[in-house]
> 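A single structure is presented below for examination.
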Amino acid sequence: MTLELSNAAAFNWPVRVYYEDTDAGGVVFYANYLKFFERARTEFLRSYGFEQDVLMTEQGVIFVVRSVKIDYLKPARFNEQLAVSAKVIEIKKTNLTFEQAVTRQEQILCTGEVRIACLDAQTMKPKPIPSVILEQLN
């Protein structure tokens with residue numbers, strides 16, 4: 001089962017750049033964009049009513065990053081207000097692919113594609129995405 005979702009709307013989450021997010025030059029350290037992506041995906045799930053700790057205890061599943069492709073286009077700096085988007089572009093039996101971006105107003109600073117795998121919380125082996133989640137995403 002593969003479902004392409006090219007017409008799906010993007011979820012947006014505001015992020016402020018804190019001093020701890022920056023390097024010695026005052027720009028966001030490259031790895032911190034992955035943290036911003038993670039926050040947006042977590043809030044995306046929360047917007048559908050799914051808390052990851054509840055999914056682990058009640059559904060027996062966890063979501064982990066399987067792969068990431070990221071492009072850094074322009075720097076973000078300390079104290080800037082950014083928006084981080086998360087859009088599901090593909091659904092498979094055991095994974096989701098997100099298209100993500102970090103923007104400052106209309107400027108795209110960073111883009112990425114993140115594949116998230118659904119795993120059994122006990123065995124850490126791939127497990128089908130719960131139907132309750134798939135129903136909400138479709």
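Excluded from the calculations below are hydrogen atoms, water molecules and symmetry mates; all remaining heavy atoms, backbone and side chain alike, are included.
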> So do Asp71 and Lys69 actually touch side chain to side chain, heavy atoms under 4.5 Å?
yes
> Please say which of Gln105, Arg104, Arg16 ends up in a side-chain hydrogen bond (donor to acceptor under 3.5 Å, both in side chains) with Gln81.
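Only one option passes, and that is Arg16.
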> Nearest 0.5 Å, what's the OH-CD distance between Tyr48 and Glu43?
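The OH atom of Tyr48 sits 14.0 Å away from the CD atom of Glu43.
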> For the pair Asp120 (side chain) and Lys127 (backbone), establish whether a donor and an acceptor sit closer than 3.5 Å, ignoring hydrogens and angles.
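Such a contact is absent between Asp120 side chain and Lys127 backbone.
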> Pick one: which of Leu73, Val84, Ile70 meets side chain to side chain contact (heavy atoms under 4.5 Å, CB included) with Cys110?
Ile70
> Taking the side chain as every heavy atom from C-beta outward, state whether Gln59 and Ile133 have any atom pair closer than 4.5 Å.
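In short, these two side chains do not touch, never coming nearer than 4.5 Å.
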> So if you build clusters from Ile, Leu, Val, Met, Phe, Trp, Tyr with side-chain heavy-atom gaps below 4.5 Å, do Tyr30 and Leu82 land together?
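Looking at the clustering, Leu82 is in the same group as Tyr30.
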> How would you list, by chain and number, every residue that makes a ring pair (Phe, Tyr, Trp, His ring centres under 6.0 Å) with Tyr72, sequence neighbours excluded?
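Testing Tyr72 for ring pair (Phe, Tyr, Trp, His ring centres under 6.0 Å), a comparison that skips the adjacent residues, returns Tyr33.
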> Supply the atom-to-atom distance Arg39 CZ to Leu34 CG, rounded to the nearest 0.5 angstrom.
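The distance works out to 11.5 Å.
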> Per the ring pair (Phe, Tyr, Trp, His ring centres under 6.0 Å) rule, what does the pair list look like for residues 96-138, sequence neighbours excluded?
Phe44-Phe98
> Are Leu109 and Phe36 close enough that some pair of their side-chain heavy atoms sits under 4.5 Å apart?
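Not touching, per the 4.5 Å side-chain cut-off.
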> If hydrophobic clusters are built by linking Ile, Leu, Val, Met, Phe, Trp and Tyr wherever their side-chain heavy atoms come under 4.5 Å apart, do Val88 and Val61 end up in the same one?
yes
> Please tell me if the side chains of Phe37 and Val102 come closer than 4.5 Å, counting only heavy atoms from C-beta onward.
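Answer yes - side chains close enough.
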> Any non-hydrogen side-chain atom of Val65 less than 4.5 Å from a side-chain atom of Ile116?
yes
> For the backbone of Ser85 and the side chain of Gln100, can you confirm whether one donor and one acceptor N or O come within less than 3.5 Å of each other?
yes
> When rounded to the nearest 0.5 angstrom, what is the spacing between CG in Asn95 and CD1 in Ile129?
6.5 Å
> Does Trp13 share a hydrophobic cluster with Tyr18, counting links as ILVMFWY side-chain heavy atoms below 4.5 Å and allowing steps through other members?
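No: no chain of side-chain contacts under 4.5 Å links Trp13 to Tyr18.
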> Quick check for you: to the nearest 0.5 Å, what is the distance between Glu80 atom CD and Gln107 atom CD?
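Atom-to-atom, Glu80:CD and Gln107:CD are 8.5 Å apart.
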> Just how far is it from atom CG of Leu137 to atom CZ of Phe50, taken to the nearest 0.5 Å?
7.0 Å
> When rounded to the nearest 0.5 angstrom, what distance separates SG in Cys118 from NZ in Lys125?
15.0 Å
> So, do Thr22 and Arg77 sit near enough that their side-chain heavy atoms are less than 4.5 Å apart?
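No, too far: nothing below the 4.5 Å cut-off.
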> Do Val132 and Leu45 land in one hydrophobic cluster if side-chain heavy atoms of ILVMFWY residues count as linked below 4.5 Å?
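Per the 4.5 Å side-chain linkage, Val132 and Leu45 are co-clustered.
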> Strictly below 4.0 Å, N to O, side chains only: are Glu38 and Arg41 in salt-bridge contact?
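Yes, Glu38 and Arg41 are salt-bridged.
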> Are Met124 and Phe63 linked, directly or through other ILVMFWY residues, by side chains that come within less than 4.5 angstrom of each other?
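Met124 does not cluster with Phe63.
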